[in-house]
Protein chains: 2
Amino acid sequence: MRRAGGRRHTLRDIAAALNLSVNTVSRALSGKDGIGEKTRALVRAEAERVGYVPNSMARSLVTGSAMTFGLVITNPSNPFYAQLISSIELRAREHDYSLLLTVTDESAENEARAAESLLRSSVSGAIVVPVQAGADPWQRLGAVGVPTVLLNRDLPDLGYRFVGTDNELGGYRATAHAIACGARSIVVLEEDLPITTIADRIAGYRRAMTEAGLSMPRGSVMRVPTRRHDQAALPWQPQQAYQVARRMLRRARLPDAVVAGNDYFALGLYRALAEHGLKVPDDLMVIGFGDHPFSAFLSPSLTTVRLPAEEVGEIAADLLLEEIAGGRSARPLKQLIAPTLVERDSTARKR
Amino acid sequence: MRRAGGRRHTLRDIAAALNLSVNTVSRALSGKDGIGEKTRALVRAEAERVGYVPNSMARSLVTGSAMTFGLVITNPSNPFYAQLISSIELRAREHDYSLLLTVTDESAENEARAAESLLRSSVSGAIVVPVQAGADPWQRLGAVGVPTVLLNRDLPDLGYRFVGTDNELGGYRATAHAIACGARSIVVLEEDLPITTIADRIAGYRRAMTEAGLSMPRGSVMRVPTRRHDQAALPWQPQQAYQVARRMLRRARLPDAVVAGNDYFALGLYRALAEHGLKVPDDLMVIGFGDHPFSAFLSPSLTTVRLPAEEVGEIAADLLLEEIAGGRSARPLKQLIAPTLVERDSTARKR
DNA sequence: TTGAAAGCGCTAACAT
DNA sequence: ATGTTAGCGCTTTCAA
């Protein structure tokens, strides 16, 4: 029955044991000066002896800061976000902040609740991947003075700081690479979600095509249906991409290359193509997005766009730390980190 | 300069505006009875008007409960843990708990700090994947009365509640399946980490081999080196498994099947085998572990062991909720959920 | 160098 | 049905 668990010791306990005032004990422990060395040693020893642990809630109540980051993410099973969690948690921890994590699962309702919850918890600041179904919840957070950094998806109306991947550039590079490899007719396979990351990638694709003077007939942008509000283990559904790819394969003229919005879609593509007797890259090139862990080990290995997850996470945390500190940052308000193309065999066409 | 952010409104503000006592306002808002309906309506209206948000720290300080789960995980980039985060966060949220997340990255030092941090934060309870480098930090947590549930890796000395995957059974099923498919000589490929999940899987492998009367010569258990304390994007390194597999392929006699400790290792195996001109499954069968998102889409598709991540997460959360509520649970102290074998092409040998 | 007093925002007794 | 008092554990004035 370990439930027993005696009451935690408080400053008062230590003060009583040592015949000191609570205040003295507080200062001895918090390393402030204006205290005798022997007193401090005494207090520390007693604190150690009884296993004193400060109560952060009490401290926060008076200082007004909970020393906590709120992190709001759509889906931890997305490897990009998983990495972001890691790198932000680490940075937070290094600066003695705790991490309060909320998952929105692309739901505006969850997002509204999340913002409210961060408010209640008096987080020192928030890092948010918005659902992009309105800016209200985060507007509110900023309005009451909680520094908020937008991650990966911007909400320009708010004028908050933002770090993310340059998806437009990613889409451009992927497409330009396909073109450089000889593709003339290129199809994009993207999820059907109304978020800027996807729109940006498509814009990048269009720019590359336009620059190369290539046409984008109807059907060049294919959409994979999303199942929102679905506590999904998978960030994306290769199976859904597979279905869409099969539909594409019924067309009279096949494209030379497909640029996928993520590597999971490329997985579905691979299967559809294999079943159809098409060889990658010789019959059709495939380019992924995300450089997910498996991509280097597919056969053929997948050419893809690597995302600067760790860097984005670190910058987000640093931006937040700066905002909390109150200093105007030298950094630009909006920061887009360039992703890099990783060339592998799925675009290495033998001539 | 949104930094302005006026002070948050408090109960006192509302009380003053309405000429009521703070207490009345408190009860009106918290839905307690003993309050006039018109008063309540009035208070609610005013709260709404000024956008009142309760201060959880203040409430927690007096109630003693922070309405927070502490979740301590080794690595969010492990898809199994990513799912666990999702399902636990959801369950917590449904019951109005927030989630405080800490990443240990397999470091005992981080773990000790994490436990201390949970203590400071007065979490209502903790769900922990221990590093298994000693039980002290969690012993301490329980000792001061914080309900703690162990996840995926047990610390039997503590006598805490535990939920996890039945890895022994998983290893057994994987191996037994290989045997059923005709394999006589089977090698296991496991990470080199001193944790029970791995030891259990190996034990299951041994049981299956023994039952079938098969021998396990030296070299039957191959170890893939771990890079600990490495904020890695990858939960495991296919590349490392690839290296180990290449070493194996230099042996005089090759096994009929390899049982991998996770699907990422299977990825490395696939490459090594392909480079060596060996066909899966005809020359060598491969079985993975984890049923990671990509596994169904490899070619050949990977036979693997699917882990009950969502179920484990939900049970962990439910156990914790029960412990917090203080009611003795009808459930067993230790709960092992059976994983299921997913048969695919990597073991479908044409006879 | 130390102590006393006040108060952070809230809830829980106990009055009225 | 409402108000008063007290106090959660800590930090922050201000005195001594």
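Letters A, B, ... are given to chains in the order of the sequence lines, protein chains preceding strands, and every chain is numbered from 1. Given the structure is predicted, the values throughout are model-derived calculations rather than measurements.
With respect to Arg113(A) and Glu109(A), a salt bridge is recorded, a charged nitrogen being found less than 4.0 Å from a carboxylate O. Between Glu46(B) and Arg49(B) there is a salt bridge, since a side-chain N of the basic residue sits under 4.0 Å from a carboxylate O of the acidic one. A salt bridge is absent between Glu322(A) and Arg161(A); no separation between the charged side-chain nitrogens and carboxylate oxygens falls under 4.0 Å. Ion pair Glu89(B)/Arg93(B) flagged as a salt bridge, since at least one NZ, NE, NH1 or NH2 atom sits closer than 4.0 Å to an Asp/Glu carboxylate oxygen.
Within the nucleic acid shown, Asn19(B) comes within 4.0 Å of sugar-phosphate atoms alone, with no base atom in reach, counting heavy atoms only. If you check every strand for non-hydrogen atoms under 4.0 Å, Lys38(B) touches nothing. When heavy atoms are screened at a 4.0 angstrom cut-off, Gly36(B) is found touching the sugar-phosphate backbone but no base atom.
Put simply, Thr39(B) has a side-chain N or O that comes within less than 4.0 Å of OP1 or OP2 on dT2(D).
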Letter per nucleotide, 5' to 3', of nucleotides 4-9 of chain D [B base touched, S only sugar-phosphate touched, - untouched; heavy atoms, 4.0 Å]: B---BB
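Side-chain N or O atoms of Arg91(A) include none that pairs as donor or acceptor with a backbone N or O of Ala316(A) at under 3.5 Å.
Shown here are the side-chain contact (heavy atoms from CB on, under 4.5 Å) partners of Ser117(B), two or more places apart in sequence or in another chain: Ser98(A), Ser121(B).
The two residues Ile324(B) and Pro147(B) make their nearest non-hydrogen contact at CG1-CG, 4.1 Å.
Bounding nucleotides for the chain A contact on DNA chain C, 5' to 3', at a heavy-atom distance below 4.0 Å, are dT1(C) to dG9(C).
Under the side chain to side chain contact (heavy atoms under 4.5 Å, CB included) rule, Asn110(A) has a single partner from Val131(A), Val72(A), Thr104(A), which is Thr104(A).
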